[in-house]
Amino acid sequence: MFKLYRYENLLFVLRMTGEEIRKHLEFSYDMWTNTMTSPDDHALRLNDASKDDQQRTGFQYMTFNFDSAAGIDYEVDLTKPYGQKVRILQMSNGQPFDEKKWYQVVMNSYRANGGGELLIRGAGIPKDSLDNRVIWHTDLDQRHYLTEEIKKLGTVNPQPNHNWRFIPEEWTKPALERDRKLLFGK
């Protein structure tokens, strides 16, 4: 379990507006993706000097600060500049997504306490108001709950949600394949 989830994080539920969610994602995707100006550009922000750094593994920034989201369907346009990359299409259950509405968002304690600055610099939530956003949190770390769930299920067969994608695909699919080879070989 320490290899699967190495950090001592609790599970938190925070209140966030739809606009804050989108801005949080904008900040995250800006850290791990480029703004492509041609099909030959990298899709990801890579840095050869960081290949041996376990917290960057070839990326420019720390990989544990790269967030995506479940429960919403969205596109990330890698030809758009920061602030215009993420377009939330709808809730994954088909209901409309509203930037003015309040949502309950699940995240780990590192992120909920301002780690990575995605909530602070990205979503624009003042650090001293994060505690007021907390609706609930677990008493034990996530590793405990993951272990219990795996024991209960016996076998786990994780599947991708397919709730978000990079566009335009005619640029991003070949670029991501090139970047994957640079990161992992083969």
Side-chain angles (χ1 to χ4, degrees), residues 4-7 9-36 42-47 50 54-99 101 103-125 130 133 142-143 145-146 149 156-169 171-173 175-177 179-180 183-184:
L4 178 63
Y5 197 86
R6 70 171 63 174
Y7 303 105
N9 282 305
L10 303 179
L11 195 61
F12 271 62
V13 178
L14 268 68
R15 284 176 29 95
M16 293 177 68
T17 67
E19 180 183 25
E20 290 168 341
I21 293 167
R22 182 188 49 77
K23 289 168 67 177
H24 170 112
L25 290 171
E26 280 284 345
F27 191 78
S28 176
Y29 282 100
D30 191 57
M31 281 196 292
W32 62 289
T33 64
N34 279 321
T35 301
M36 297 177 73
H42 288 287
L44 305 174
R45 286 186 182 242
L46 303 177
N47 180 341
S50 74
Q54 288 188 338
Q55 295 181 331
R56 293 183 189 197
T57 62
F59 285 92
Q60 184 174 349
Y61 296 103
M62 306 290 191
T63 56
F64 54 77
N65 285 323
F66 300 165
D67 282 2
S68 60
I72 54 175
D73 297 341
Y74 62 100
E75 297 175 330
V76 182
D77 189 334
L78 297 189
T79 65
K80 302 286 186 196
Y82 175 66
Q84 299 174 29
K85 283 185 187 305
V86 176
R87 185 168 71 98
I88 300 175
L89 306 170
Q90 64 183 5
M91 301 299 295
S92 292
N93 65 5
Q95 293 183 359
F97 180 84
D98 184 347
E99 286 207 2
K101 185 177 173 181
Y103 294 94
Q104 294 183 14
V105 181
V106 179
M107 62 190 71
N108 67 30
S109 53
Y110 169 75
R111 189 70 73 230
N113 286 301
E117 298 192 321
L118 278 81
L119 292 177
I120 300 161
R121 287 181 48 210
I125 301 169
L130 289 176
R133 298 293 190 100
Q142 285 181 282
R143 194 178 306 113
Y145 297 105
L146 286 168
E149 190 65 16
V156 179
N157 183 18
Q159 298 295 315
N161 286 338
H162 298 293
N163 66 303
W164 66 270
R165 66 187 180 125
F166 290 124
I167 59 170
E169 288 184 340
W171 284 22
T172 60
K173 282 189 175 189
L176 289 166
E177 182 59 26
D179 290 351
R180 185 192 62 75
L183 288 167
F184 307 110

> Can you name the residues that form a side chain to side chain contact (heavy atoms under 4.5 Å, CB included) with Ala112, not counting sequence neighbours?
Replying inline: Phe12, Leu14, Met107
> Hey, mind stepping through Asn47 and Tyr61 against side chain to side chain contact (heavy atoms under 4.5 Å, CB included) and telling me if it holds?
Replying inline: CA-CA 9 Å; Asn47 180 341; Tyr61 296 103; over 6 Å; no
> Mind checking what makes side chain to side chain contact (heavy atoms under 4.5 Å, CB included) contact with Asn34, not counting sequence neighbours?
Replying inline: His42, Arg45
> Do Ile167 and Thr172 have side-chain heavy atoms sitting under 4.5 Å apart?
Replying inline: no
> So, Arg143 versus Asn9: side-chain donor-acceptor pair below 3.5 Å or not?
Replying inline: no
> Which value, rounded to the nearest 0.5 Å, describes the distance between Ser109 atom OG and Leu11 atom CG?
Replying inline: 8.5 Å
> Considering residues at least two apart in sequence or located in another chain, which fulfil the side-chain hydrogen bond (donor to acceptor under 3.5 Å, both in side chains) criterion with Glu99?
Replying inline: Arg22
> Would Lys80 and Arg87 satisfy side chain to side chain contact (heavy atoms under 4.5 Å, CB included), going step by step from the backbone distance to the final call?
Replying inline: CA-CA 11 Å; Lys80 302 286 186 196; Arg87 185 168 71 98; over 6 Å; no
> Quick check: does any side chain N or O of Asn163 sit under 3.5 Å from a backbone N or O of Ala69, one acting as donor and the other as acceptor?
Replying inline: yes
> Do the non-hydrogen side-chain atoms of Ile21 and Tyr103 ever get within less than 4.5 Å of each other?
Replying inline: yes
> Rounded to the nearest 0.5 Å, how far apart are CD1 of Ile72 and CG of Asn93?
Replying inline: 12.0 Å
>> For Glu26, is there an ion pair with Lys23 - N to carboxylate O distance below 4.0 angstrom?
In response: no
> Should Gln104 and Val106 be marked as a side chain to side chain contact (heavy atoms under 4.5 Å, CB included) after you check the CA-CA gap, both sets of side-chain angles, and the distance that decides it?
Replying inline: CA-CA 7 Å; Gln104 294 183 14; Val106 179; over 6 Å; no
> Any side-chain heavy atom of Tyr110 sitting closer than 4.5 Å to one from Asn65?
Replying inline: yes
> Closest heavy-atom contact between Arg111 and Asn108?
Replying inline: N-OD1, 2.8 Å
> For the side chain of Asp67 and the backbone of Ser28, is there at least one donor-acceptor N/O pair under 3.5 Å apart?
Replying inline: no
>> Run the side-chain hydrogen bond (donor to acceptor under 3.5 Å, both in side chains) test against Tyr7 and tell me which residues pass, sequence neighbours left out.
In response: none
> Can you tell me if Tyr29 uses its side chain to pair, donor with acceptor, with the backbone of Leu78 under 3.5 Å?
Replying inline: no
>> Among residues at least two apart in sequence or on other chains, which ones pass side chain to side chain contact (heavy atoms under 4.5 Å, CB included) with Glu149?
In response: Lys152, Leu153
> Any idea how Phe66 and Trp32 line up, ring-wise: parallel (<30°), tilted (30 to 60°), or perpendicular (>60°)?
Replying inline: parallel
>> Using the side chain to side chain contact (heavy atoms under 4.5 Å, CB included) criterion, which residues pair with Ile125? Sequence neighbours excluded.
In response: Met16, Glu20, Leu119, Ala123, Ser129, Leu130, Arg133
> Aromatic ring centroids of Phe97 and Tyr74 under 6.0 Å?
Replying inline: no
> Would you call Gln84 and Asp77 a side-chain contact if the rule is heavy atoms closer than 4.5 Å?
Replying inline: no
> Do Thr35 side-chain atoms and Thr79 backbone N/O form a donor-acceptor pair below 3.5 Å?
Replying inline: no
